[in-house]
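Presented below is the structure to which this report refers.
If you're wondering where the values come from, they're calculated on a predicted model, not measured in any experiment.
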Amino acid sequence: MTNQPPANTTADAAKGKPLLMARGLTKRFGGVVALNELDLDLNVGEILGLIGPNGSGKTTFFNVTTGIYAPNGGTIEFDGRDLTGFSPQQVYHAGIARTFQRSRLSLPLSIFDNIMIGNHMRLTQGLWFNLMNRRAFRQEYEKSFETARALVKIFDPPLADRLDEPVAGLPMIDRRRIEICRALISQPKLLLLDEPSAGMTHDETAQLMDDILHVRGETDGLTIVIVEHEMGVIERITNRCVVLNFGSKIAEGTFSEISEDTEVKQAYLGIE
Amino acid sequence: MQDELKPTGKPLWQALIGAVLTTVYLILLLKVEEQSEVIGLLAGGAVLLLLLTKTGHLGGIGNTLHSREGALNLLVILGTLAIVGFFYEDHFTLLLIATVMLYVLATLGLNLQFGFAGVLNFAGASFFGIGAYTAAVLGAHTAVPSLLIILVGGVMAALIGCVLLLPVLRTRGHYAAVVTIAFALLFKTFLEVNDILGGPQGLQVPSMKVFGWDFNNNVALGDSVELSFYFSYIIVILLVLIAAFVLVRRVERSWIGLNLDALRLDETAASCFGLNIVRWKVTAFLLGNFLIGIAGALYGMVGGFVAPTSFTFADSLILVSIILLGGIGNVWGLIVAAAIVVIVPEKLQAIQEYRFLLFGGLVMMMLLFRPEGLLPRSVRRYFPGGAER
Ligand SMILES: Nc1ncnc2c1ncn2[C@@H]1O[C@H](COP(=O)(O)OP(=O)(O)OP(=O)(O)O)[C@@H](O)[C@H]1O
Ligand SMILES: [Mg+2]
């Protein structure tokens with residue numbers, strides 16, 4: 001991932017317009033209003049913490065943004081384009097990659113294969129190229145292998161030499177790292193992290209956050225939204241936070257601002 | 001952490017001895033007629049396999065061959081030629097061997113669909129039948145060259161398979177499975193009531209002719225040796241099988257194989273990384289049916305005769321059970337499983353009537369105790385043996 005051009009060189013970014021604008025975003029599941037008229041702006045290059053109690057709509061925001069669910073109302077604009085109603089495939093090609101709250105790696109496949117799933121847009125997909133032009137395929141394969149290895153090395157140097165091992169045998173921390181690598185390999189403009197530290201110890205979490213900051217430093221301008229329950233992590237790595245409760249935004253600001261907010265304190269009732 | 005459990009690799013000469021022993025064993029098994037001898041051989045083979053597994057020899061040889069794939073390919077081809085050569089004038093045994101090879105070819109196609117893309121197809125025998133009937137009709141009524149007819153058989157199977165695309169693409173639940181079963185039942189009924197296609201009596205299939213040579217003639221070598229006409233068919237089948245094997249291997253060892261695995265294992269995650277689910281499912285389904293159709297066309301020519309009773313739902317189940325037995329997604333497993341499923345009931349007359357019952361039981365035992373099959377698929381290697389990394 002080193003020596004790559006900055007991810008955000010679009011006209012909108014230069015004008016200081018938000019990278020992503022959600023307006024009046026609403027998602028209902030039967031009677032449950034998972035997102036309620038949500039307005040949310042993301043600035044280029046920031047790390048936004050998306051927090052809120054269980055069931056407040058954080059994951060749903062990711063699912064609607066990435067096209068897994070169509071919203072019942074509202075719009076999403078990303079990088080100057082209207083993303084509303086885009087399929088997950090289109091959202092990915094627009095430059096948004098994500099991880100999942102419950103790890104969704106393909107366990108029987110190797111580490112390399114899992115990361116390459118995220119590299120789809122950079123791999124040649126033609127039948128002829130893949131089946132008949134093995135020489136060219138091999139070149140692309142070797143190049144991709146080195147790219148994947150360099151990326152994994154940032155997170156876990158020993159793991160970078162084990163890329164052909166199946167993911168099934170790896171501990172949770174490595175799986176989380178690989179999931180983040182899978183999202184990063186396509187050099188997205190926006191990275192959505194849904195509880196990346198779930199199932200990790202305190203030290204492992206700290207380590208992972210360092211790595212994320214490190215990668216971001218190298219990819220110059222990558223915008224990140226992170227959902228995280230551990231407030232220490234949020235305080236340390238985010239520039240700004242948005243707090244959800246019952247699908248509505250109840251507060252927005254720096255971590256110290258929102259942690260003083262009475263409504264936030266009530267929503268968390270005892271957690272913070 | 002898995003490496004510790006794996007037996008260490010054995011030297012190549014042990015693999016060589018293993019290959020020779022396997023070849024001799026198969027020749028014996030195909031040779032004996034006496035039922036007590038068949039049972040003795042089968043039991044002996046099973047005990048020997050168990051022993052060699054326990055001593056780690058089998059696993060060790062497996063590892064050696066896993067890393068020396070060229071050697072494995074060569075051994076299998078030479079072994080096949082040795083067996084075929086041994087039975088050079090024995091029509092019945094050669095037809096049996098040809099049948100095993102055609103089942104392998106068909107299950108290679110099914111493996112693309114089910115093993116790689118996770119698309120269930122319980123109408124495998126119908127697509128096999130489409131290939132066979134194509135050979136019958138084109139061979140009898142047109143002057144299309146035989147080798148081209150084989151390809152057309154594959155294309156027809158792929159084309160007619162398109163009527164199943166919509167249900168196959170709808171993955172939720174077991175909808176696709178049910179629709180393919182319905183297709184298999186309809187297909188057989190259609191053949192039975194269709195007089196143009198010979199109805200229940202079926203059709204004759206003209207023999208294969210290449211460059212003026214009619215394959216239904218025995219081949220005389222000198223004055224004393226006469227090769228069975230099946231011998232020539234087997235050579236053609238072997239060549240087609242090798243080509244199909246290489247093709248399926250390349251699919252597996254490319255981004256396409258990765259795409260198919262990704263969509264089988266987690267469609268939602270795959271979508272979030274740009275994978276066009278429809279495109280790749282359709283590709284796997286059509287390519288799979290193409291191979292099954294080719295196998296069917298060859299089957300028609302070899303047997304010289306097609307009838308609806310050869311392409312029933314039960315036959316489709318046999319194809320699926322070969323995949324489950326062999327190891328889902330593993331192309332080598334197909335060969336072992338197809339050999340067992342085709343040869344054992346043919347030799348062991350006592351079980352012939354109960355073979356569906358026995359296969360059903362075998363598959364259930366397998367799913368319960370060894371769900372990954374006899375030869376589980378291993379992690380993808382894009383360029384095995386190559387010195388990359
Ligand atoms: N696919 C779905 N079907 C029905 N209801 C859903 C679905 N997805 C989410 N919900 C509901 O929407 C609400 C918001 O859920 P969501 O998963 O977005 O919360 P969250 O903030 O991510 O919570 P957590 O911190 O527990 O992950 C919850 O009431 C949940 O039950
Ligand atoms: Mg969540």
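For A:Arg138 and B:Phe383, the positive end sits near the middle of the six-membered ring, less than 6.0 Å away and at most 45° from its axis.
To the nearest 0.5 Å, the span separating CG on A:Asp113 from CG on B:Leu258 amounts to 5.0 Å. Note that CG of B:Leu287 and CG of A:Leu131 are 7.5 Å apart. Values are rounded to the nearest 0.5 Å.
Of the atoms belonging to B:Thr283, it is side-chain heavy atoms, and not backbone ones, that fall under 4.5 Å from chain A. Heavy atoms closer than 4.5 Å to chain B are found in the side chain of A:Ser144, but not in its backbone. When heavy atoms are compared at a cutoff of 4.5 Å, A:Ile68 approaches chain B solely by way of its side chain, counted from C-beta outward. With a threshold of 4.5 angstrom between heavy atoms, A:Leu163 does not approach chain B through any atom at all. If you measure heavy-atom distances from B:Asn276 to chain A, the contacts under 4.5 Å come from the backbone alone. Using a 4.5 Å cut-off between heavy atoms, A:Met121 makes no contact with chain B at all. Proximity to chain A involves both the backbone and the side chain of B:Arg253, based on heavy atoms less than 4.5 angstrom apart.
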Tell me, with the steps shown, if A:Asp164 and B:Arg381 meet side chain to side chain contact (heavy atoms under 4.5 Å, CB included).
CA-CA 8 Å; A:Asp164 49 3; B:Arg381 301 174 299 162; over 6 Å; no
Steps toward side chain to side chain contact (heavy atoms under 4.5 Å, CB included) verdict (A:Leu127, B:Ile256)
CA-CA 8 Å; A:Leu127 275 181; B:Ile256 296 172; 3.3 Å; yes
Checking side chain to side chain contact (heavy atoms under 4.5 Å, CB included) for the pair B:Leu275/A:Ile117: CA distance, chi angles, key distance, verdict?
CA-CA 8 Å; B:Leu275 199 130; A:Ile117 289 174; 5.9 Å; no
Residue pair B:Trp255, A:Glu140: steps toward the side chain to side chain donor-acceptor pair (under 3.5 Å) verdict
CA-CA 10 Å; B:Trp255 306 136; A:Glu140 186 170 294; 2.8 Å; yes
Intermediate values then yes/no, side chain to side chain contact (heavy atoms under 4.5 Å, CB included), A:His120 and B:Asn259:
CA-CA 9 Å; A:His120 192 77; B:Asn259 290 342; 3.5 Å; yes
Report the C-alpha distance between A:Phe112 and B:Tyr382 in whole Å, list the side-chain angles of each, state the deciding distance to 0.1 Å, and finish with yes or no for ring-ring contact (aromatic ring centres under 6.0 Å, His included).
CA-CA 11 Å; A:Phe112 174 70; B:Tyr382 290 85; 5.7 Å; yes
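Nearest heavy atom pair, residue B:Asp266 against residue A:Arg104, reads OD2-NE, 2.7 Å. Minimum interatomic distance between B:Val379 and A:Pro108 (heavy atoms only, all atoms of both residues): CG2-O, 3.9 Å.
Around the CZ atom of A:Arg122, the shell of radius 6.0 Å holds more than 12 heavy atoms that belong to other residues, nucleotides or ligands.
Between B:Phe273 and A:Phe100, the angle of the ring planes goes over 60°, which puts this pair in the perpendicular group of the 30/60° scheme.
With respect to chain B, the highest number of heavy-atom pairs below 4.5 Å among A:Met132, A:Arg134, A:Gln90, A:Arg98 belongs to A:Arg134. Contact count against chain B (heavy-atom pairs under 4.5 Å) is highest for A:Gly118 among A:Ser186, A:Gly118, A:Ser110.
A donor-acceptor contact shorter than 3.5 Å is absent between the side chain of A:Asn130 and the backbone of B:Ser254.
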